[in-house]
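Predicted model only: the values in this text are computed from it and were never measured. Just so you know, these numbers use all the heavy atoms, side chains as well, and skip hydrogens, waters and symmetry mates.
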Amino acid sequence: MAETLSKSFTYAGSGILYATATQRNFRIHLIVGTMAFMLGACLRITLLEMAVIGLTVAFVLALELINTAVEATVDLIVGDQYHRLAGIAKDCAAGAVLVGSSAALVVAACILLPPLWRALF
């Protein structure tokens with residue numbers, strides 16, 4: 001257990017840095033999320049729409065962090081051995097990320113496509 005609140009934030013930051021350094025999909029989601037923010041700023045979407053995009057990006061990144069934690073925990077427990085339940089745990093965690101990122105695409109399309117369409121045509 002962390003002795004201080006600042007230690008808790010340090011541990012959380014370490015987890016985010018670990019995921020950024022080691023997880024390709026986490027980096028992809030960071031890049032796509034940043035692009036969504038930049039496009040939203042360029043299109044001058046409302047503050048509320050920007051907040052929805054921010055929450056959606058954070059949701060997907062949080063799911064990626066949980067997926068990474070599940071994978072690490074399962075690998076710690078089963079090591080190099082295969083276990084059907086370990087595979088199910090990993091697949092379900094990855095599936096959660098897929099569901100969340102698919103929803104994020106729908107949200108981004110609903111918010112960003114109409115003003116993008118107006119700007120282009």
Side-chain angles (χ1 to χ4, degrees):
M1 183 187 313
E3 297 134 14
T4 64
L5 183 60
S6 65
K7 281 266 191 197
S8 294
F9 282 111
T10 299
Y11 295 147
S14 294
I16 294 168
L17 289 174
Y18 174 82
T20 303
T22 65
Q23 303 300 305
R24 179 193 68 223
N25 290 346
F26 188 84
R27 290 190 301 271
I28 290 169
H29 289 301
L30 271 176
I31 292 167
V32 171
T34 301
M35 290 170 51
F37 277 118
M38 291 169 54
L39 183 57
C42 289
L43 294 171
R44 292 194 164 103
I45 63 174
T46 69
L47 196 56
L48 179 60
E49 290 170 324
M50 195 65 94
V52 170
I53 288 177
L55 284 171
T56 305
V57 170
F59 175 67
V60 172
L61 293 175
L63 286 173
E64 277 289 354
L65 290 166
I66 292 167
N67 182 46
T68 300
V70 168
E71 288 183 354
T73 302
V74 168
D75 289 346
L76 175 66
I77 293 168
V78 300
D80 291 336
Q81 299 175 4
Y82 174 79
H83 194 285
R84 184 180 66 83
L85 293 176
I88 290 170
K90 286 181 160 190
D91 292 349
C92 287
V97 176
L98 179 60
V99 169
S101 59
S102 297
L105 282 176
V106 171
V107 168
C110 290
I111 292 174
L112 297 173
L113 287 181
L116 182 60
W117 183 261
R118 286 191 296 274
L120 295 175
F121 302 104

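Residues Leu30 and Phe26 meet the side-chain proximity criterion, which asks for heavy atoms closer than 4.5 Å. Using a 4.5 Å heavy-atom threshold, the side chains of Asp75 and Lys90 count as touching. When side chains are defined from C-beta on, Ile88 counts as touching Leu85, because their heavy atoms get closer than 4.5 Å. Annotation: side chain of Ile53 is not in contact with side chain of Glu49 (no heavy-atom distance under 4.5 Å). Two residues are said to be in side-chain contact when any heavy atoms from C-beta on lie closer than 4.5 Å; Asn25 and Val97 fail this criterion.
Residue Leu55 holds its CG atom at 10.5 Å from CZ of Phe59, rounded to the nearest 0.5 Å. Annotation: the span from Leu61 atom CG to Glu64 atom CD amounts to 7.5 Å, rounded to 0.5 Å. Here the CD-CD1 distance, from Glu71 to Ile66, works out to 12.5 Å after rounding to the nearest 0.5 Å.
Among all heavy-atom pairs drawn from Leu65 and Ala19, the shortest one is CD2-CB, 3.5 Å. Of all heavy-atom pairs spanning Val70 and Ala89, the tightest one is CG1-O, 3.9 Å. The two residues Ala21 and Arg27 make their nearest non-hydrogen contact at O-NH1, 3.2 Å. Here the shortest heavy-atom pairing between Ala96 and Leu63 reads O-CD1, 3.4 Å. Shown here for Leu98 and Ser101, the closest heavy-atom pair between the two residues is O-OG, 3.2 Å. Residues Pro114 and Ala109 share a closest heavy-atom pair of CD-O, 3.5 Å.
Using a 4.5 Å cut-off between side-chain heavy atoms of Ile, Leu, Val, Met, Phe, Trp and Tyr, with links allowed through other members, Val57 and Leu43 fall into the same hydrophobic cluster. Transitive grouping of hydrophobic side chains (ILVMFWY, heavy atoms separated by less than 4.5 Å) brings Val107 and Leu39 into a common cluster. Tracing side-chain contacts under 4.5 Å through hydrophobic residues (I, L, V, M, F, W, Y), one reaches Phe37 starting from Ile111; they form part of the same cluster. Following chains of ILVMFWY side-chain contacts shorter than 4.5 Å, one cannot reach Met38 starting from Leu112, and the two form parts of different hydrophobic clusters. Connection of Ile45 to Leu120 is established within a shared hydrophobic cluster, with ILVMFWY side chains joined at heavy-atom distances below 4.5 Å, either directly or through further cluster members.
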